[in-house]
Amino acid sequence: MSSPGEVRFRLVHLTDTHIMVGGKWRPRSADFEFDTEASLRQVVATVRMLDPPPAFAVLGGDLASPDLLPRDRPPTAEEWEPSYRRLAEILGELPCPIHFLVGNHDHRVAFNRVLRRDAPAADAPHYYAFDHEGYRFVALDSQETGQAGGFVDPAQLAWLERDLARHRERPTILFVHHHPWPLGLRWIDTMRIRNGDALMTMLQGHAQVRWVVCGHVHLDQVIEGGRLTMLTTPSTCLQMSKVSQAGKALPGPPAFRVIDVAGDALSTRVLHLRDDGSGEL
C-alpha cells in the first residue's frame, strides 16, 4: 500500500443523468425540452479530456428516467431497460471503471438486469464499499420505492456501522443519492433522506469519514457540520435554480464534479460545460 504522501489520484462524480429513450425531458416547472442523452455525451467527452484522467467514476443515481416521458401509466421494467442500455453505451466511452448508485427515478429490477447482473435478487438494493489507494469509498442506496425522498433502511445502517468500524484507519468518502442535511430550499428539502440526521450522527462518530457526496438536487452546494462536509453535485442535464424556493428548472448547463486526492488533502471543483461542450475551467 502507498504511504499517504505518495497517494495521488482523481475521480469524477456524474449524477442525475436521466437517460430516457423515446423522447426529451419537458420539466413541469419550465417551458423547454432537454435532450439528456446529448448532454451526457458532452459530459463524457469532457471527462475524456481531463489531465490527469480519473481513476474511476461514480454515477450518483437517477440514471435512467423513462418515467418522466408523457405516458398514461408507469413504465414496466422491460420498458425501462432500453434507457439503461443506452446509458451503458454512452458511458462505455469513459476512460475508467464505473461505480453506480440508484436514485428515486431508477427502477431496481431493470437496473439490476442491465447494469448489475450479479445482483442476489431481482429487486436487491445496491449498497457496497470498495478501496482505492488506501482510501475507502462507500455507496449507499437511499431509494424508497414510490417516494421522491430517500430513506436508508435499518439493515443498511447496521451494515454501514460495521463497515466503518472495521476500516477506521482508512480515510473514507461516502456517496448517496439523496441529501441527508437540508439545503435551505423548501422544494427539495421535503425530498431529502428522511432519516438523514440519524445517518449523519452515525458518521460523526467515525473520524475517518471526510465527505458525503450527493446528487438529486441538480445544483452544487457545500454544507459543513462538525467534522463532516456534505457536497451536492449538479446534474449532467438540466439544473435547478438556487434562488427559487418553489423549484425552477433551468436548461443546463450540464455539469459534473472532479475530486482530487493528494495524500491527506482532498480538493474538488464542479465543471460546467459551455455550449461547445468543453469544460469551463
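It should be emphasised that the depicted structure is a prediction, and the values quoted were computed from it without experimental measurement. Hydrogens, waters and symmetry mates play no part in the numbers below; they use all other heavy atoms, side chains included.
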Audit row: F111, H126, ring pair (Phe, Tyr, Trp, His ring centres under 6.0 Å) steps and yes/no: CA-CA 10 Å; F111 167 81; H126 191 43; 5.4 Å; yes

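- Heavy atoms only, all atoms of each residue included: M200 and P180 are closest at SD-CG, 3.5 Å.
- In this structure, the side chains of T268 and V222 stay at 4.5 Å or more apart for every pair of heavy atoms.
- Under a 3.5 Å cut-off, the side chain of Q156 and the backbone N or O of D141 do form a donor-acceptor pair.
- Residue S83 comes nearest to A64 through the heavy atom pair CB-CB, 3.7 Å, listed as atom of the first residue, atom of the second, then distance.
- Between the CD1 atom of I19 and the CG atom of D62 there is a distance of 11.5 Å, given to the nearest 0.5 Å.
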Evaluation steps, side chain to side chain contact (heavy atoms under 4.5 Å, CB included), between Q208 and R136: CA-CA 9 Å; Q208 77 270 28; R136 186 78 169 164; over 6 Å; no

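- Test R48, H13, R10 against P54 for side chain to side chain contact (heavy atoms under 4.5 Å, CB included) and you get one pass: R10.
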Stepwise side chain to side chain contact (heavy atoms under 4.5 Å, CB included) check, M191 with N104: CA-CA 10 Å; M191 295 181 280; N104 50 291; over 6 Å; no

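- Within the 4.5 Å cutoff, side-chain heavy atoms of F34 are placed close to those of S39.
- Residues D16 and H105 have side chains that never bring a donor and an acceptor to within less than 3.5 angstrom of each other.
- A 4.5 Å side-chain heavy-atom check between L183 and L219 finds at least one atom pair inside the cut-off.
- R85 has no carboxylate O lying under 4.0 Å from a charged side-chain N of E89, or vice versa, which leaves the two without a salt bridge.
- N195 is listed as a side-chain neighbour of L157, based on a closest heavy-atom distance under 4.5 Å.
- Inter-residue side-chain proximity for W181 and V212 is flagged as unmet; no heavy-atom pair is nearer than 4.5 Å.
- The minimum heavy-atom distance linking A124 with R116 is given by the pair O-NH1, 3.1 Å.
- For the pair P95 and V47, the minimum side-chain heavy-atom distance is below 4.5 Å.
- For the residue pair V209 and L228, the shortest heavy atom distance occurs at O-CD2, 3.6 Å.
- The two atoms that bring S142 and V152 nearest to each other are CB-CG2, 4.4 Å, heavy atoms only.
- Under a 3.5 Å cut-off, the side chain of T232 and the backbone N or O of Q221 do form a donor-acceptor pair.
- For the residue pair Q239 and P234, the shortest heavy atom distance occurs at OE1-CB, 3.4 Å.
- Note on V114: it clusters hydrophobically with L63, by side-chain heavy-atom contacts below 4.5 Å among ILVMFWY residues.
- Using modelled atom types, no side-chain atom of Y84 and backbone atom of R113 make a donor-acceptor pair closer than 3.5 Å.
- Residues H99 and F137 place their aromatic rings such that the two centres sit no closer than 6.0 Å.
- Judged purely by atom type and a 3.5 angstrom limit, R210 uses its side chain to pair as donor or acceptor with the backbone of D264.
- Between atom CE of residue M230 and atom CD of residue E224 there is a gap of 11.0 Å, rounded to the nearest 0.5 Å.
- Remark: the H206 side chain and the E161 side chain contain an N/O donor-acceptor pair separated by less than 3.5 Å.
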Full working for salt bridge (Lys or Arg N to Asp or Glu O under 4.0 Å) between D220 and R269: CA-CA 10 Å; D220 61 294; R269 64 187 183 276; over 6 Å; no

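- With hydrogens and angles ignored, the 3.5 Å screen pairs no side-chain donor or acceptor of E133 with any backbone N or O of G263.
- Between F56 and H132, the distance separating the two ring centers is shorter than 6.0 angstrom.
- Between R192 and V217, every side-chain heavy-atom pair lies at or beyond the 4.5 Å cut-off.
- A side chain to side chain contact (heavy atoms under 4.5 Å, CB included) with T233 is found for exactly one of H218, H216, R257, namely R257.
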Steps toward side chain to side chain contact (heavy atoms under 4.5 Å, CB included) verdict (L68, T36): CA-CA 11 Å; L68 293 172; T36 61; over 6 Å; no

Residues L40, L87; criterion side chain to side chain contact (heavy atoms under 4.5 Å, CB included); working and verdict: CA-CA 9 Å; L40 180 58; L87 174 72; 3.6 Å; yes

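- Contact check for E79 versus R71: side-chain heavy atoms found under the 4.5 Å cut-off.
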